[in-house]
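Report on the following structure.
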2 protein chains.
Amino acid sequence: MEKIASLPRAHAETSASAHERVYRTLRTRIMHGELAPGEALTLRGIGKEFGVSMTPAREAVRRLVAEGALFLSSSGRVSTPELTNERIEELAALRALIEVELASRALPRAHMALIDRLQTINGVVAEMISKRDAVGYIRTNLEFHRTLYLRAQAPAMLAMAETVWLQLGPTMRSLYGRLGRTEPPHNHKLIIAALKAGDEPGLRLALRSDVTQGLRLLAT
Amino acid sequence: MEKIASLPRAHAETSASAHERVYRTLRTRIMHGELAPGEALTLRGIGKEFGVSMTPAREAVRRLVAEGALFLSSSGRVSTPELTNERIEELAALRALIEVELASRALPRAHMALIDRLQTINGVVAEMISKRDAVGYIRTNLEFHRTLYLRAQAPAMLAMAETVWLQLGPTMRSLYGRLGRTEPPHNHKLIIAALKAGDEPGLRLALRSDVTQGLRLLAT
DNA sequence: TTTGGCAATTTGTGATCACATGTCAGCCTA
DNA sequence: TAGGCTGACATGTGATCACAAATTGCCAAA
């Protein structure tokens, strides 16, 4: 960690600043459920892993805390959040509200190419389920939703939805671990069918089910 | 800015860390419309104003950028965002979605004490309008909404709503400047009436109008 | 007068340091 | 042996510095 400094973003390796790189990586990990709820992180540890000093690590962590992806204890320690059932219910309700709206806005713009792509992704989702790959399942499932919502041309709403996903990330993992293992993505098929038929009420219903069903079955 | 250091949180003056203090202050300013859209900020300037170094200033700014309260240019300069009409429409739709839900959840818990409080706040809102005090109007208007939503016992949703307010802050100011000056808070009266009557559909409608009407009248 | 370019200044980024606090293990005492 | 205390270590916070890039201002040339 000496003062070599002036290596001019060698080879456009990552193209972004250090804290951006750290932030992106951690964000993806959290959103995809690669970190367990309550898992602790340290600034020096993050810095060491990414080969940067504490400064960019701190900035990345602060950003994630601001988005609700990480929990900051009163003594300043950071960890992934352990959500209460009430909070999970709230976040599920938020998902339903925002994503139903996004899907509704995407519907009139959904052409065949999009539906084909969704079907392809859905195949990968099914594959991940059969492989019991929790992280892969979460990732492709979110990709399915994001692909649909991108058509809504509503970046602020999409960002909001992603923030909710982020907050649910660590919980998702342990959730889909205890959930029914092999159910096929039935709701996804309903979503695709509603898109094909241009059936907005059906789309809203299918989406609400897809978003809500998994999260409600925790009961704990 | 010398190394005095060990003053032990003298007198519990602010009770919080430096970056927290900076963050809170800036956040309030932005949410209340005290900063114009496109207004530039510098880390050293912030640090100077609050008597801190660049480090806590940077953390506060990062946090606000993560929440969408500040815009970060490609060269790293920060300023308040200048929202496009499309984005304003999106944010208004998000307000409607989330706040209608919050109000709906608050309705069964809304007792007389709450309604009285809302009426008192609404009186202040009217006073702010008659005084042409834009910042005061925004502040008390948000206080009206927050007071209602707190009853919903849904902190994640409330946080989401506040994030939207934050993003709209700078725009609000210039918006309510060019808007009709002296209209009384008619929708607020409708909201209160619906709360008294326990009329959920009416509450949803009144709230949607209140949230949406101002934001739609921009047209640029 | 206008425009192009160069230099000074401003500004963000990241590293490092000093320090206070929090955490935890091990030891001493009752 | 159990419980509390102490010390070492880990960790977050904030200040300062060096540096690169962007911005600005200024002067000269057309």
Side-chain angles (χ1 to χ4, degrees), chain A residues 1-26 35 38-66 69-82, chain B residues 1-26 35 38-66 69-82:
Chain A
M1 242 61 72
E2 315 84 37
K3 234 359 168 349
I4 300 185
S6 58
L7 64 159
R9 297 280 140 62
H11 305 107
E13 11 148 316
T14 60
S15 80
S17 56
H19 80 260
E20 184 78 17
R21 197 158 35 90
V22 176
Y23 166 76
R24 290 265 170 242
T25 308
L26 290 180
L35 275 57
E39 198 162 328
L41 296 174
T42 66
L43 297 183
R44 287 175 174 85
I46 294 169
K48 194 167 213 174
E49 177 185 345
F50 290 89
V52 298
S53 78
M54 291 172 57
T55 311
R58 237 195 314 182
E59 293 186 42
V61 164
R62 281 259 176 269
R63 205 165 152 187
L64 291 164
V65 169
L70 290 176
F71 168 75
L72 190 67
S73 87
S74 58
S75 68
R77 291 343 211 244
V78 291
S79 58
T80 53
E82 302 183 272
Chain B
M1 242 68 69
E2 313 85 37
K3 242 340 172 6
I4 301 184
S6 58
L7 63 160
R9 298 282 142 65
H11 304 106
E13 13 148 314
T14 61
S15 80
S17 55
H19 79 260
E20 185 78 18
R21 196 157 37 89
V22 176
Y23 167 77
R24 290 264 170 245
T25 308
L26 290 180
L35 274 57
E39 199 163 328
L41 296 174
T42 67
L43 298 183
R44 286 176 176 85
I46 294 169
K48 195 167 213 173
E49 178 185 345
F50 290 89
V52 298
S53 78
M54 291 172 58
T55 312
R58 237 195 314 180
E59 293 185 42
V61 164
R62 282 259 174 268
R63 205 166 153 186
L64 290 164
V65 169
L70 290 176
F71 168 74
L72 190 68
S73 87
S74 58
S75 68
R77 266 35 182 217
V78 292
S79 58
T80 55
E82 301 183 272

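Chain letters run A, B, ... following the sequence lines, proteins first and then strands; every chain starts at 1. Not measured: the values here are computed from a predicted model.
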> Quick one: A/R44 CZ to C/dT21 P, roughly how many Å, whole number?
Replying inline: 16 Å
> Starting at the 5' end of DNA chain C and moving along, which residue's nearest nucleotide shows up first, B/V78 or A/P56?
Replying inline: B/V78
> Do B/E59 and B/R63 touch side chain to side chain, with heavy atoms closer than 4.5 Å?
Replying inline: no
> Nearest-Å distance, CD (A/E59) to P (D/dG14)?
Replying inline: 13 Å
> With a non-hydrogen cut-off below 4.0 angstrom, is B/R58 in contact with a base, only sugar-phosphate, or nothing?
Replying inline: base
>> Does D/dT13 have its OP1 or OP2 closer than 4.0 Å to a side-chain nitrogen or oxygen of A/R62?
In response: yes
> Once you round it to whole Å, what is the distance between P of C/dT13 and CZ of A/R63?
Replying inline: 11 Å
> Less than 3.5 Å between a donor and an acceptor, one on the side chain of A/R77 and one on the base of C/dG22, is that the case here?
Replying inline: no
> When all nucleic acid strands are considered with a 4.0 Å heavy-atom cut-off, which category describes B/L41: base, sugar-phosphate, or nothing?
Replying inline: sugar-phosphate
>> Is A/H19 close enough to C/dG14 that one of its side-chain N or O atoms is under 4.0 Å from OP1 or OP2 there?
In response: yes
>> What is the distance, to the nearest angstrom, from the CE atom on B/M54 to the P atom on D/dC19?
In response: 16 Å
>> Check this one for me: any side-chain N or O of A/T55 less than 4.0 Å away from OP1 or OP2 of C/dG14?
In response: no
> Do B/V61 and B/L41 touch side chain to side chain, with heavy atoms closer than 4.5 Å?
Replying inline: no
>> Below the 4.0 Å mark, does C/dG22 have OP1 or OP2 next to a side-chain nitrogen or oxygen of A/S75?
In response: no
